[in-house]
Amino acid sequence: MRYSNGMRKAVLATTAAAAAAAAVAGILPGTAMAASAGTATPPPACAASALKVTARQAAHPPVGTGTGAAVVQFTNVSRKTCVLKGHPTLAGAGNGTPTHATPLKVTPKGRATTVTLRPHGKAWVKLTFVQVQGEGDGYCKSGATPKAFPTMVIGLPRSGKHQVALNDGWWAYCDNKATATAVSTVKPS
C-alpha cells in the first residue's frame, strides 16, 4: 500500500505516540492488551499490625445472662489496601494473656469470600455462643461450668491473632464452643 508523505508522517506519529505511551506504562510493544488484562497484583493479606480489632455485644443476643452473641470489627489502620478472608479462631484468654488461652470449638457459618479493605475500611464477624443461664454465677444447660474471660483471642487466617476485650463486660459462655460468620463487609446486628 502506498501512502502520501502526509499520510506516512501521520501513521509514523501515531505509531510513535503509541510506543511512547507503552514505554511510560512499562509495557513492551505487542503486549499492551495482555499486560493490561488481569496482571495487577492482588493486595496482600492484612497483617496483624494493619488491623485494629474491637468487639461489642450483639444487639440481639439469645436469651440468657452470658455474652450470647458479639460483633467483632476489623479496621484497616494501615496506609495500604489489604484483604481478609475466612472464619475466625477463638480462645478465651485467662489472666488476660494469650498464653493461658482456652480454645473454643468454632462452627463456621456462611461461605468465606475475600474482603478487600482500603485504609480505614471495616469488616465484621458475628460470634454466637452457648448462652449462660440464670443470675449471679449462672449455669449451663449442659451441666458444664460457665466460662468467663476478660479478653478473647480472635484469629483470622493469614492476618494474625488479636487479644480483644468486649466494650461492655467479660466474655461469658458455656460448653467452649461458638458459631462464627465469615469475615464480611456487611455489619451484623
Side-chain angles (χ1 to χ4, degrees), residues 45-78 82-117 120-189:
C46 297
S49 61
L51 298 172
K52 177 182 178 186
V53 184
T54 58
R56 64 173 172 79
Q57 291 198 42
H60 305 288
V63 176
T65 58
T67 303
V71 175
V72 180
Q73 177 177 291
F74 300 88
T75 304
N76 181 357
V77 294
S78 76
C82 58
V83 297
L84 297 174
K85 184 176 182 178
H87 294 85
T89 58
L90 303 171
N95 298 321
T97 177
T99 58
H100 298 114
T102 301
L104 279 76
K105 180 181 181 204
V106 177
T107 301
K109 182 178 180 182
R111 192 175 70 112
T113 59
T114 301
V115 173
T116 302
L117 284 185
H120 308 290
K122 295 174 176 32
W124 295 269
V125 296
K126 184 171 185 178
L127 311 174
T128 305
F129 300 91
V130 177
Q131 185 70 301
V132 176
Q133 304 296 314
E135 297 296 324
D137 290 339
Y139 67 94
C140 297
K141 286 184 179 180
S142 66
T145 302
K147 302 280 185 183
F149 294 96
T151 59
M152 183 74 63
V153 178
I154 301 170
L156 277 179
R158 299 178 41 217
S159 294
K161 294 183 179 182
H162 309 270
Q163 188 169 345
V164 184
L166 278 172
N167 69 344
D168 58 352
W170 281 36
W171 300 85
Y173 53 85
C174 289
D175 303 336
N176 284 342
K177 59 185 178 180
T179 299
T181 63
V183 67
S184 170
T185 56
V186 178
K187 185 177 183 179
S189 61

When you compare the side chain of [Y] with that of [X], does any pair of heavy atoms fall below 4.5 Å?
X	Y	result
R56	T54	no
C82	N76	yes
V130	Y173	no
V115	F74	no
Q57	L166	yes
V72	P88	no

At their closest point, which heavy atom of [X] faces which heavy atom of [Y], and how far apart are they?
X	Y	value
K122	T75	CG-OG1, 3.7 Å
A48	G160	CB-CA, 4.0 Å
V106	A180	CG1-CB, 3.6 Å
S189	V71	O-CG2, 3.9 Å
S49	V77	O-CG2, 4.0 Å
C174	Y139	SG-O, 4.0 Å

Under 3.5 Å, is there a donor-acceptor pair between the side chain of [X] and the main chain of [Y]?
X	Y	result
H87	V125	no
T151	Q163	no
W171	A93	no

With sequence neighbours excluded, residues passing side chain to side chain donor-acceptor pair (under 3.5 Å) with S142
D175

How far does [atom1] of [X] sit from [atom2] of [Y], to the nearest 0.5 angstrom?
X	Y	atom1	atom2	result
T114	L84	OG1	CG	9.5 Å
K52	Q73	NZ	CD	8.0 Å
H162	L51	NE2	CG	5.0 Å
L90	K161	CG	NZ	10.5 Å
K85	T116	NZ	OG1	11.0 Å

Checking side-chain contact (heavy atoms from CB on, under 4.5 Å) for the pair L104/M152: CA distance, chi angles, key distance, verdict?
CA-CA 10 Å; L104 279 76; M152 183 74 63; 4.2 Å; yes

